Protein chains: 2
Amino acid sequence: MARIGVRDVARAAGVSVGTVSHVLNHREKVAADTVARVDAAIAELGFVRNGAARQLRSGRSLTVGAVVLDAANPFFADVIRGAEEQADASEHAVLVGTSGADEARERRYLDLFSEQGADGILLSPAAWPPQRLAQIAKRGTPVVLVDAQPEGSALPSVAVDDVAGGALAVSHLIGAGRRRIGFVGGPHRIRQVADRWTGAQQAAELAGGNVELERFDTPATTVLAGRAAGEQLIMRPAPRRPDALFCANDLVAVGVMQALVLAGAAIPDDIALIGYDDIDFAAATMVALSSVRQPARELGATAVRMLLGEDDRTSVTFAPELVVRESTDG
Amino acid sequence: MARIGVRDVARAAGVSVGTVSHVLNHREKVAADTVARVDAAIAELGFVRNGAARQLRSGRSLTVGAVVLDAANPFFADVIRGAEEQADASEHAVLVGTSGADEARERRYLDLFSEQGADGILLSPAAWPPQRLAQIAKRGTPVVLVDAQPEGSALPSVAVDDVAGGALAVSHLIGAGRRRIGFVGGPHRIRQVADRWTGAQQAAELAGGNVELERFDTPATTVLAGRAAGEQLIMRPAPRRPDALFCANDLVAVGVMQALVLAGAAIPDDIALIGYDDIDFAAATMVALSSVRQPARELGATAVRMLLGEDDRTSVTFAPELVVRESTDG
DNA sequence: TGAACGTATTGAAACGTTTCATTCGTCGGG
DNA sequence: CCCGACGAATGAAACGTTTCAATACGTTCA
């Protein structure tokens, strides 16, 4: 089965190859009956245009690449969804490659997208600083970083303000009348954790002296780590227990909640609980979990707009938003 | 900044373009010092090869496309991971597009991958039967379906045997001495749910007359639906309660577990509980959840091997496997 | 010493499209 | 009745690689 090209279509429709190409690309400039004839020929022959040749000649790929740490992570999944919606609007498609925090794979995908002539690349970097960016940007493919601090370097980026998020959570707890607040999470070398803790401190200071803020470190931001922390914490005599907990993410919060419920503590009456990320599951925990939502889709959409030159800001920071559910709504 | 091509590299290195291309593609056939000179020129000029031209000429793209319903779904995420690992081994990259169950988007991605000359496409179809497959296969891009029943049509596919999975779960419960078993899930028009229920029935029949199997339908396979079902169920007087529950998936099982725990039932002593899918979270529930694991990575890896012609089976069905944890290990 | 051979490099053709300067008709206005 | 203009279609050039037959240059063997 020989490949079918514009040439074959042209022959079948009784027109020139140039005309076929015109039908493919700007059909409004071609007479209606010619269009019909060419379309018929295309359908009959099952012609599929060769994207490589098209792109080679035209220089555009109508494609945006995204290289993410982990596509299964709901945050990135939402970023990608937002990117797709926005790309759709500009007739682009989003192609996703997952690096799994492996620098070699990240580089391979970056090179791939660059070579394939993607019109832009959205990157959540596996390592800091990202290796090849200078080269790639130089080659002419714009890159936007997602949720990575540009640290002085002036690379375009979109991010969520985790400090603000931490402050948001804690001032919400304070506003609900809580005074002895615990922060559960770790390790603090993860920037997101550190920033949220910083925000928590800021909110506590802002409230004045009668708010206590205590830090409960966990070795990871997982359910099991959260549960262990919760078990520790609930063993304290009641007067020395916090009356509210802010967890570095929702998984930790779920673990803490398990421990508290099993120990018979009432949420939120005895202890209020708030997480971070607003994962799907947050609404479905035993006591629906309050959380801080990151506008992930907006991040993705904005990144794509920046890539395609429809938004000429160079670095955008989004504000997280509070989602109040039962676990703090006593 | 004019684009830099092999021509420029050749000039800078003092060789012909043919030689540059050889260095790029089979450097072992080129003298060592020439390689060095060309590499230096490439680095200095920041040359990035034009993938479109390369592909146009060579016909191969070293790319495999995957079109999935939802990349955030852990099952598909694992399929993709498996596909990536396998593709890696063959110097290929996996590009992912998410259709979100939208047929138009699915078609767009299929067309895109087909036009881009992907060496194969891995598809979890949004609708049945998939629309364009005939065309695409005809054009020469092999397609393998993931987790979709080929229903007579002889399309290549990889899948997990859900009937076997259902049987596996229920015979495990029976083996643990349970006799009054409930199946929680729905709606039954979802093939996976129906198949698992079928498997459950088969296992019950196999065990003879002294096993009762009852069906508890839910409107969806979600945590909340599971919790509602669990609450209903636990309100029955103890003698009329099942002593074991098999849930159509882990989310439902989590919901059921919440209801049982809140009602004070002991798991697994009063009621054993087993889910399906073995999501990450299964090990981190209040009582660690037994489940049926689907070999998702193997699915992805096998699909890629089939696409690249390294495995000439046309349709492969995998057996699920049992993961026993506390919730059935009384 | 010459022929035969092997290795390293070269130059040009080819991949299948888009684009652009032309050509071809046709129609309206002077 | 002719000219200019305009819409539609044409044909060939160009995109930047890879590939392949041909060439150049040593080296080995008889």
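Every chain is numbered from 1, with letters handed out A, B, ... down the list of sequences. Keep in mind that what you see is a predicted model, and the values were worked out from it rather than measured.
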Student check: side-chain heavy atoms of R27(B) and D39(B) closer than 4.5 Å: yes
Does the side chain of Q294(B) come under 3.5 Å of the side chain of D277(B) through a donor N or O and an acceptor N or O? yes
Taking any atom closer than 4.0 angstrom to a non-hydrogen atom of chain A, what span of DNA chain C does the protein reach, first nucleotide to last? dG16(C) to dC20(C)
Estimate the overall bend of the helix from dT1(C)-dA30(D) to dG30(C)-dC1(D) from the end axes over five pairs each, rounded to 10 degrees. 50°
Taking only Lys NZ, Arg NE, NH1 and NH2, and the carboxylate oxygens of Asp or Glu, determine whether R293(A) and E298(A) approach each other closer than 4.0 Å. yes
Salt bridge (charged side-chain N to carboxylate O under 4.0 Å, His left out): pairs with one or both residues in residues 112-130 of chain A, sequence neighbours excluded: E115(A)-R49(B)
What residues form a side chain to side chain contact (heavy atoms under 4.5 Å, CB included) with H22(B), not counting sequence neighbours? H26(B), V30(B)
Please enumerate all protein N or O atoms sitting under 3.5 Å from an N or O of nucleotides 7-11 of chain D, with distances to 0.1 Å.
| residue | atom | partner | partner atom | Å |
| --- | --- | --- | --- | --- |
| dA9(D) | OP1 | T34(A) | OG1 | 2.3 |
| dA9(D) | OP2 | A31(A) | N | 3.1 |
| dT10(D) | OP2 | S16(A) | N | 2.8 |
| dT10(D) | OP2 | S16(A) | OG | 3.1 |
| dT10(D) | OP2 | T19(A) | OG1 | 2.6 |
| dT10(D) | O5' | S16(A) | OG | 3.4 |

In terms of side-chain heavy atoms, does S90(B) have a donor or acceptor partner in E310(B) at a distance below 3.5 Å? yes
For a quick check under 3.5 Å, do Q192(B) and D147(B) share a side-chain donor-acceptor pair by atom type? yes
With a 4.5 Å heavy-atom cut-off, do L299(B) and V160(B) have their side chains touching? yes
Does anything in residues 71-86 of chain A form a salt bridge (charged side-chain N to carboxylate O under 4.0 Å, His left out)? List the pairs, not counting sequence neighbours. D78(A)-R81(A), E84(A)-R105(B), E85(A)-R297(A)
Should R3(A) and D8(A) count as an ion pair when the cut-off is N to O under 4.0 Å? no
